[in-house]
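Single-structure report; data block below.
Reminder, nothing fancy here: chain letters follow the sequence lines and each chain counts from 1.
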There are 2 protein chains.
Amino acid sequence: MVRFLTSNAVALEARSDGLVDQTVRSIHDLIRGEKLQVGQALPSETALAVRLGVSRVVVREAFRSLAAVKLIDLGTGRRARVAAPDSSVLALTLDHSVHIDQTSVQQVLDVRRTIEMRTVALAALRRTDADAVRIATFARNMSDDFLNGERVMGHDIAFHEAIAAASKNPVFELLVGAFHVVTRQTWPIGWAARARDADRRAVIAFHVEIASAIAAREPQRAERAMAEHFDNSTKALLAAGIT
Amino acid sequence: MVRFLTSNAVALEARSDGLVDQTVRSIHDLIRGEKLQVGQALPSETALAVRLGVSRVVVREAFRSLAAVKLIDLGTGRRARVAAPDSSVLALTLDHSVHIDQTSVQQVLDVRRTIEMRTVALAALRRTDADAVRIATFARNMSDDFLNGERVMGHDIAFHEAIAAASKNPVFELLVGAFHVVTRQTWPIGWAARARDADRRAVIAFHVEIASAIAAREPQRAERAMAEHFDNSTKALLAAGIT
DNA sequence: ATTTATAAACATGTCCTACAGGTATGGTGA
DNA sequence: TCACCATACCTGTAGGACATGTTTATAAAT
């Protein structure tokens, strides 16, 4: 993988009046410049404060900013370390966006459908045997815990996460992970909307079918099943008044 | 390439003790509880400090955390206000992920392709006349500024952004916007990899074709053109050694 | 009476000092 | 060699102080 070392900082609050923002950029550049990898430690607050000519308070606030977007990890008594990105930040953004009425649940579902139709196809192509087993297991767990909605939801989410992992693309994994936050809030509604046992069994059947297609390495079949699964969910939520 | 992507549950900052994290949650709950809308003001730092029984430092760090993920806006002398989510946070995450070698450019491209095939189809269905004009204009601008790579890139990015906007789904807009950060770094490489004018013209032809399909309200044609466009770019970057 | 100018009240930005408590490191003793 | 502990280092939180920016209310001017 060729590296383009234009460590040009991403418009990270481009123009800033404040020392904190400047410090955030300095630290950002520092990580880039020293090519720090995940887990490596940054200088201590005091050391940075001296080096950058600001007070420790400023460095602390800058650290908090970077930690909030998961660029670094903080811990009492330990120096800050470079962190691996995770989905929590995007999850927060989405969650907030929905709550603030900037986005509808259906819109989120459309995006999920788009993405997961791809992840499932990739999973069918790139899954390891262990992936296939994991995925199938979650589908079976859904069936086994049929009476306990809470647990079915847990398996459902784990199922989709496992598929994303099997796609071998961390960006997809990131996105799928982020959507779970919204899923957790809407899933019970969709489950309740499917009052009849037959409808609930159908939901699980979709998962079994998807797992089977992945195991058989049939991307198109997997994709089709995933699409139907989402269409079914979309309808259920619509029926429950979730737009 | 080593990966750590810790995709795990999330929501409101793990149960990490620490007054700052608790305060972040409190403020988060406050926004939810009071159903504050974008633009509305939060209590002042001092007021919150008193109310939550913590020092002002703690509230400030909590504010910084929330501002870093764009849940609130901060400004000197002004009270903090609820903010609308934007793509900069995810952009940072992606950028960081690529720089830390957690993600390859090709993986990002795959995600982009997946998403933009959908946005372009939606755009073809839901575009307004103004959207169609905007999109076509950017394509024409690319052609007009053919000799100036920097400007072509600008039009290219604006083109894709306009399509996302025409999809009328803010989540897609958010995602597409976030990818631009990576695009800005890889685009010049792809352009350089297409040494012959004919190859460069072909790139622009794809955009013209996409714009035309959107104008004609032909989602499938638009989708196909977009797919070809991405396949072409993927190949160009591969040829340049970008994996 | 409406508008403008100005002053006061309020809010954030930054610094300093202080100390409690967590972490890691190295040395000592078994 | 290994376990244990003292110690130096580091982060977490508090309170006070003051500069600077913003809003509001009052007063002056048209």
Using atom [atom1] of [X] as one end and atom [atom2] of [N] as the other, report the distance to the nearest whole Å.
X       : N      : atom1 : atom2 : answer
A/Asp73 : D/dC10 : CG    : P     : 18 Å
A/Leu48 : C/dC15 : CG    : P     : 14 Å
A/Leu74 : C/dT23 : CG    : P     : 13 Å
B/Glu45 : D/dA14 : CD    : C1'   : 15 Å
B/Arg78 : D/dT23 : CZ    : P     : 6 Å
A/Arg79 : C/dG22 : CZ    : P     : 20 Å

Practice prompt. State whether B/Lys168 and B/Asp131 are salt-bridged, where the test is any N-O pair (Lys NZ or Arg NE/NH1/NH2 against Asp/Glu carboxylate O) under 4.0 Å.
Written response: yes

Practice prompt. Write out all pairs satisfying salt bridge (Lys or Arg N to Asp or Glu O under 4.0 Å) with one or both partners inside residues 39-62 of chain B, taking only residues at least two apart or from two chains.
Written response: A/Arg60-B/Glu61, A/Glu61-B/Arg60, A/Arg64-B/Glu61, B/Glu45-B/Arg56, B/Glu45-B/Arg60

Worksheet, complete the sentence: Under a 4.0 Å heavy-atom cutoff, the residues of residues 50-62 of chain A touching DNA chain C are A/Val54, A/Ser55, A/Arg56, A/Val57, A/Val58

Worksheet entry | For A/Ile100, the option from B/Leu71, B/Leu36, B/Val38 that meets side-chain contact (heavy atoms from CB on, under 4.5 Å) | B/Val38

Worksheet, complete the sentence: When A/Thr93, A/Val108, A/Val182 are each screened for side-chain contact (heavy atoms from CB on, under 4.5 Å) with B/Val171, the one that passes is A/Val108

Item to complete: Would you check, one step at a time, whether the test side-chain hydrogen bond (donor to acceptor under 3.5 Å, both in side chains) holds for B/Ser88 with B/Asp86?
Response: CA-CA 6 Å; B/Ser88 62; B/Asp86 74 18; 2.6 Å; yes

Worksheet item: If you look at every heavy atom in B/Ala166 and B/Ile135, which pair is closest and at what distance?
Response: CB-CD1, 4.2 Å

Worksheet entry | Residue B/Arg64, side-chain atoms from C-beta onward, closest of C/dT14, D/dT11, C/dT12 | C/dT14

Worksheet item: D/dG21, D/dT11, D/dT13: which one has an atom nearest the side-chain heavy atoms of A/Ser44?
Response: D/dT11

Worksheet entry | DNA chain C: 5'-proximal contact among A/Val20 and A/Arg81 (nearest heavy atom) | A/Val20

